[in-house]
Amino acid sequence: MTAPGIRAEASAEDRDDLDVEEALALVRESKDDSSGPAPSSSGGRQRHERHKATPWPRAREIAARAARSGGRRTPVSVSLADALGLVLAVPLDALTDLPSFDTSAMDGWAVAGPGPWEIRDKGVLAGNAQPEPLTDGEAVRIATGARIPADTTAVLRTEHGRTDAQGRLHATREVSHGQDIRPRGQECRNGDQLLPVGTLVTPAVLGLAAAAGYDTVTAVPRPRVEVFVLGDELLTEGLPRDGMIRDALGPMLPPWLRAMGAEVIAVRRLGDDAKALRKALTASGADLIITTGGTAAGPVDHVHPSLERIGAELLVDGVKVRPGHPMLLARTKENQHLVGLPGNPLAAVSGLLTLAEPLLRTLGARPAPEPYTLPLSEAVQGHPHDTRLVPVVLRGDRAVPLHYNGPAMLRGIAAADALAVVPPGGARQGEETELLDLPWAAAGIGVCFT
């Protein structure tokens, strides 16, 4: 199988219908791609005649549509502490007026009538019960957020008042009626719709919900994901040794999936055991299963045969994208899908963003990110027929391509802010190029690594 850290020759089916010169050039280029060991050209051609990889934009559309096929998911009631990153399934309506009583907007004095004013001894603090009413010519010390006494004319800010030798309060500038008073219901009235269905729960939404009286919100549940790490050659600790390599995907995928709004319910290491894989597939209750490696046609690549044995429906079998060509998407049962990622780390990232991201986003009813472009700081070589995803950093109004962008490499993506979507044939210096933000670089709520 093609496993994390292994680089392999491009298989013949990766090469589409090229002329001889193009094919030779592509073989040289794709020695760093993620497609698995090269079969004979005739075998690859026979398979190509039966199957053609899906264009990259089309593959993303299929993944999003597949998630919609199961219908609307049952909303859940979630505590505010657990709601970050979910999407509201019912409107957020105010449960009270905001503010729920007249409050002081500033520290100072509540005053009644024209000054100067006699100052009442006991002040008014936030959290106090309703204070005694004021009479004309009277003032009382008041804190920000405290209830306004009845018959108050205005709040005089601390810096706008002075006291004379007799202890009377004078204003140092004109006082207007209602000044620095937040009237009841200024922000909303009980029953007003604050936010509609489909709103992403951000930290600010949590604050608004709490202010409006909510302890829980009704939201679309997080999609449940299981990760199956395949490959007998993978180590979970220590240095690579004796032909074994460290597993990069086991540690990387769960936090990345959580950053995309998923609940990772299990990470299982199955090795290259076809029986164990089939058993795990049939037993899983997840909304989405992610497998790593095993998507090619080698002697221990068991994903395709296992899917066939359980009667799964292949929706995407290979994508015209580099790295990550041998990714796949299957419907394993009603309301359950599987995304098969290539084993090479950057190729797996490509599969994650190509197939898993739109599927998870749709399952969670999360809004699609607004597409945007930036000019490239330098030219990027393209594949003759496939899209390329290239790690970039954002510097001002430019996207700077990063080196170490081979399918087995994570050094580039670890420093990246985004992936540039380079069309077939490449992109020139200064050419506007579509970018896919990484969740943590987008400064969104998806940064939930724990």
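Keep in mind that this is a model prediction, so the values were computed, not measured. Below, each value reflects all heavy atoms present in this structure, side chains not excepted, and no hydrogens, waters or symmetry copies.
- For the residue pair Asp97 and Ser100, no side-chain donor N or O sits within less than 3.5 Å of a side-chain acceptor on the partner.
- The side-chain contact (heavy atoms from CB on, under 4.5 Å) search around Thr332 returns Leu307, Ile310, Ala312, Gln336, Leu338, not counting sequence neighbours.
- Of all heavy-atom pairs spanning Ala416 and Val393, the tightest one is CA-CG1, 4.1 Å.
- Here the shortest heavy-atom pairing between Val422 and Ala427 reads CG1-N, 3.9 Å.
- The backbone N or O of Pro326 lies less than 3.5 Å from a partner atom in the side chain of Thr295, making a donor-acceptor pair.
- Looking only at distances, no side-chain donor or acceptor of Asn344 sits under 3.5 Å from a matching main-chain atom of Ala347.
- The CG atom of Leu355 sits 5.5 Å away from atom CG of Leu329, with the distance rounded to the nearest 0.5 Å.
- Once rounded to the nearest 0.5 Å, the distance linking CG of Leu438 with CG of Asp417 reads 7.5 Å.
- Side-chain contact of Arg182 with Ser104: a donor-acceptor pair under 3.5 Å is absent, judged by distance alone.
- Although no hydrogens or angles enter the test, the distance criterion places a donor-acceptor pair under 3.5 Å between the side chain of Tyr214 and the main chain of Asp93.
- Between the CG atom in Asp102 and the CD atom in Gln186 there is a gap of 9.5 Å [rounded to 0.5 Å].
- Contact of the His302 side chain with the Arg278 side chain is not registered, since no non-hydrogen atoms from C-beta on lie closer than 4.5 Å.
- Side chains of Asp107 and Thr144: a donor on one and an acceptor on the other come within 3.5 Å.
- Taking 4.5 Å as the limit, every side-chain heavy atom of Leu402 sits out of range of all side-chain heavy atoms of Val390.
- Panel note: side chain Ser350, backbone Pro323; a donor-acceptor pair is recorded below 3.5 Å.
- Under a 3.5 Å cut-off, the side chain of Thr387 and the backbone N or O of Pro423 do not form any donor-acceptor pair.
- The backbone N or O of Leu270 lies less than 3.5 Å from no partner atom in the side chain of Asp273, so there is not a single donor-acceptor pair.
- Looking at Glu434, its side chain never comes within 3.5 Å of a backbone N or O of Thr373 through a donor-acceptor pair.
- For residues 215-229, every residue pair satisfying the side chain to side chain donor-acceptor pair (under 3.5 Å) rule, not counting sequence neighbours, is listed here: Ser77-Thr216, Glu226-Ser284.
- To the nearest 0.5 Å, atom CG of residue Leu352 and atom CG of residue Leu257 are 5.5 Å apart.
- Salt-bridge annotation for Arg157 and Asp180: present, with a side-chain N of the basic residue lying under 4.0 Å from a carboxylate O of the acidic one.
- Looking at every heavy atom in both residues, Ala59 comes nearest to Thr354 through CB-CG2, 4.2 Å.
- The cationic atom of Arg184 (NZ for Lys, CZ for Arg) does not lie both less than 6.0 Å from the six-membered ring centre of Phe101 and within 45° of the ring axis.
- The shortest distance between side-chain heavy atoms of Leu86 and Arg366 does not fall below 4.5 Å.
- Atom CH2 of Trp56 sits about 8.5 Å away from atom CG of Leu353, to the nearest 0.5 Å.
- If you check the side chains of His304 and Asp317, you find a donor sitting under 3.5 Å from an acceptor.
- Between Arg361 and Glu357 a salt bridge is recorded (basic side-chain N to carboxylate O distance below 4.0 Å).
- Among residues at least two apart or in separate chains, side chain to side chain donor-acceptor pair (under 3.5 Å) pairs with a member in residues 399-414 are Tyr404-Arg411.
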